[in-house]
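Notes follow the structure.
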Amino acid sequence: MPYKHNLMNVLVMLFTNPPEALRILAVMFAGGFIRWCMGADAGVIAMLKAPFQLV
């Protein structure tokens, strides 16, 4: 699903509506992090999942 806003729009919005801009930046960052995790090797993914696994 593509982003509704591009980075330049969000940076302009940062001066007019900071809470909304920060929320959008957080979503964009989370999406990039998830995409990075999906492309990472199994060791990195296991390291990130380890704290959330139940014993």
Side-chain angles (χ1 to χ4, degrees):
M1 180 175 177
Y3 294 120
K4 233 163 106 171
H5 308 283
N6 61 27
L7 185 57
M8 192 54 110
N9 290 347
V10 174
L11 292 177
V12 169
M13 190 188 309
L14 195 56
F15 295 104
T16 60
N17 189 359
E20 181 69 13
L22 292 175
R23 185 185 67 80
I24 293 170
L25 282 173
V27 168
M28 292 172 82
F29 175 77
F33 182 72
I34 290 169
R35 281 194 304 277
W36 176 80
C37 288
M38 298 299 275
D41 64 353
V44 173
I45 294 172
M47 177 186 69
L48 292 171
K49 284 174 37 178
F52 304 106
Q53 290 180 346
L54 298 175
V55 177

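What you see below is based on every heavy atom in this structure, not just the backbone, and it leaves out hydrogens, waters and symmetry mates.
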For the CG atom of L14 and the CG atom of N9, what is their distance to the nearest 0.5 Å?
12.5 Å
Connected via hydrophobic side-chain network under 4.5 Å: I24 and V12
no
Nearest 0.5 angstrom please: M13 CE to R23 CZ, how far?
9.0 Å
